[in-house]
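When a residue number appears, it is its place in the shown sequence, counting from 1.
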Amino acid sequence: MLAALLVLGGGATIAIGAYGRSLDGNLARTDAFAGLPESARPAQAVTGAMNVLLLGSDSRDPDKTADSRTDTIMVLHLDADHQKAEVISIPRDTWVFVPKSADGRHGNTMAKINSAYAWGGTPLTVQTVESFTGVHIDHVALVDFAGFAQVVNALGGVDLTIEKTITSIHEPHRTFQKGVRHLDGAAALDYVRQRYQFSDGDFSRERHQREFLQALLDRAASVGTLSNPVKLNSFLQAVTKSVTVDEDFNLVNVALELRDLRSDDLTFLGSPSAGTAVKSGQSVVLSDTAKAKALYQAVVDDTVQEHLGAAAPSRRPPPA
């Protein structure tokens with residue numbers, strides 16, 4: 001969705017309006033903020049800034065989450081001047097407080113952050129992320145992993161740097177050879193979901209997801225895609241048919257807000273972590289409380305670039 005928005009935003013305003021409205025009809029909708037009273041949510045501190053919660057799930061249906069988990073949890077922050085944006089990934093095993101679910105059967109306890117989706121769908125996930133970060137979420141985009149492969153294939157695949165040779169734990173048990181490899185949709189999805197073969201586990205998966213997102217953005221914005229109407233349309237159709245958004249999300253309006261952004265204007269980083277531990281018999285990721293608080297306060301204040309300062313990580317993932 002992020003790639004689609006940047007591609008749309010880079011086009012002519014009239015084209016965005018006419019074509020964008022037709023694409024908007026492909027998007028599934030969900031009441032992502034159902035039951036969340038505004039009085040209990042973080043305030044929107046800076047006019048013009050925007051925060052989007054990006055989720056990846058095995059199901060496009062946000063109302064059927066009992067057996068689902070969110071492998072991907074990211075917060076996209078668009079700066080108020082719309083010149084920069086930051087994408088912060090939160091490890092799915094991060095140990096956080098999950099508020100009580102709407103049905104009263106779950107939550108009100110410490111748990112892995114992705115438990116919120118299984119217990120209360122998108123609304124409880126929004127509430128949990130807002131509680132953890134103190135950041136007001138304006139929009140939500142839920143990506144269907146089943147449509148993930150179609151999106152990648154519509155672009156003709158992506159080039160990813162495989163950091164070491166591994167064999168997938170999922171059938172058909174692909175072998176990924178170390179080095180830069182061109183992957184189709186099924187292989188790319190398979191690779192970015194691996195974690196057990198890496199010493200840092202979920203941190204590796206989180207890193208690979210960011211690397212994939214950068215590769216997808218670059219591929220979508222390449223001349224070969226933009227200059228080929230058939231390929232471009234195939235990509236945008238695949239994206240919008242694989243994504244569920246909140247009821248107030250307007251594809252055209254958001255694309256226009258992102259029209260000055262290019263992939264190099266995005267900073268990718270992870271939520272500060274303090275390593276792993278065992279809680280309630282589970283291996284979990286511990287948040288670095290002080291560093292995370294400082295980062296998310298910078299998001300609230302719209303000062304992330306200043307916060308990162310001279311030590312800001314590369315906007316492109318580091319080489320393997």
Side-chain angles (χ1 to χ4, degrees), residues 1-2 4-5 8 20-45 49-78 87-88 90 92 96-109 111-148 151 239-258 299-300:
M1 174 56 76
L2 181 57
L5 288 168
L8 277 174
R21 281 192 294 272
S22 68
L23 290 171
D24 199 64
N26 290 341
L27 296 168
R29 303 278 173 174
T30 183
D31 189 353
F33 306 102
L36 304 185
E38 284 298 323
S39 60
R41 301 180 62 198
Q44 293 176 300
M50 180 172 63
N51 302 305
V52 183
L53 179 61
L54 308 173
L55 303 174
S57 172
D58 287 324
S59 171
R60 194 187 189 197
D61 187 347
D63 297 321
K64 296 180 180 179
T65 60
D67 297 317
S68 298
R69 291 290 191 274
T70 45
D71 271 359
T72 304
I73 303 172
M74 296 181 176
V75 175
L76 164 68
H77 173 73
L78 175 65
V87 180
I88 306 170
I90 303 174
R92 71 172 197 170
V96 301
F97 177 76
V98 178
K100 183 179 291 187
S101 60
D103 62 11
R105 297 173 54 195
H106 304 287
N108 195 32
T109 186
K112 293 182 180 181
I113 194 167
N114 70 339
S115 298
Y117 188 74
W119 291 344
T122 310
L124 187 59
T125 304
V126 170
Q127 189 176 9
T128 301
V129 170
E130 288 188 338
S131 173
F132 171 59
T133 64
V135 172
H136 182 94
I137 299 299
D138 300 299
H139 293 294
V140 175
L142 178 70
V143 179
D144 169 26
F145 285 148
F148 180 108
V151 172
V239 169
T240 53
K241 290 178 180 177
S242 302
V243 175
T244 298
V245 295
D246 61 273
E247 294 179 339
D248 293 331
F249 184 94
N250 183 292
L251 184 69
V252 175
N253 290 346
V254 176
L256 287 173
E257 291 198 46
L258 297 178
V299 173
V300 172

- Message: Does Thr133 form a side chain to side chain contact (heavy atoms under 4.5 Å, CB included) with Val299? I'd like the steps, not just the answer.
- Response: CA-CA 9 Å; Thr133 64; Val299 173; over 6 Å; no
Shortest non-hydrogen separation from [X] to [Y] and the atoms involved:
X      : Y      : result
Ala32  : Thr122 : CB-CG2, 3.7 Å
Asp31  : Pro123 : O-CG, 3.7 Å
Thr240 : Leu23  : CB-O, 3.8 Å
Val300 : Gly134 : CG2-O, 3.4 Å
Ser242 : Val151 : OG-CG2, 4.2 Å
Ala43  : His136 : O-CB, 3.8 Å

Could you tell me the separation between the [atom1] atom of [X] and the [atom2] atom of [Y], rounded to the nearest 0.5 Å?
X      : Y      : atom1 : atom2 : value
Asn114 : Ile90  : CG    : CD1   : 11.5 Å
Met74  : Leu55  : CE    : CG    : 10.5 Å
Thr72  : Leu142 : OG1   : CG    : 10.5 Å
Leu124 : Leu36  : CG    : CG    : 8.5 Å
Lys100 : Arg105 : NZ    : CZ    : 13.5 Å
Glu247 : Thr30  : CD    : OG1   : 7.0 Å

Between [X] and [Y], is any pair of side-chain heavy atoms under 4.5 Å apart?
X      : Y      : answer
Ile113 : Thr125 : no
Gln44  : Asp138 : yes
Lys112 : Arg92  : no
Phe97  : Asn108 : yes

- Query: Short question: side chain of Arg29, backbone of Asp246 - any donor-acceptor pair under 3.5 Å?
  - Reply: yes
- Message: Main chain of Gln127, side chain of Ser131: is a donor-acceptor contact present, judged purely on distance under 3.5 Å?
- Response: no
- Message: Quick one, Val129 with Val135, criterion side chain to side chain contact (heavy atoms under 4.5 Å, CB included). Give me CA distance, side-chain angles, the key distance, then yes/no.
- Response: CA-CA 8 Å; Val129 170; Val135 172; over 6 Å; no
- Query: How are the rings of His106 and Trp119 set to each other: parallel, tilted or perpendicular (split at 30° and 60°)?
  - Reply: parallel
- Message: Walk me through whether Phe132 and Val75 qualify under side chain to side chain contact (heavy atoms under 4.5 Å, CB included).
- Response: CA-CA 12 Å; Phe132 171 59; Val75 175; over 6 Å; no
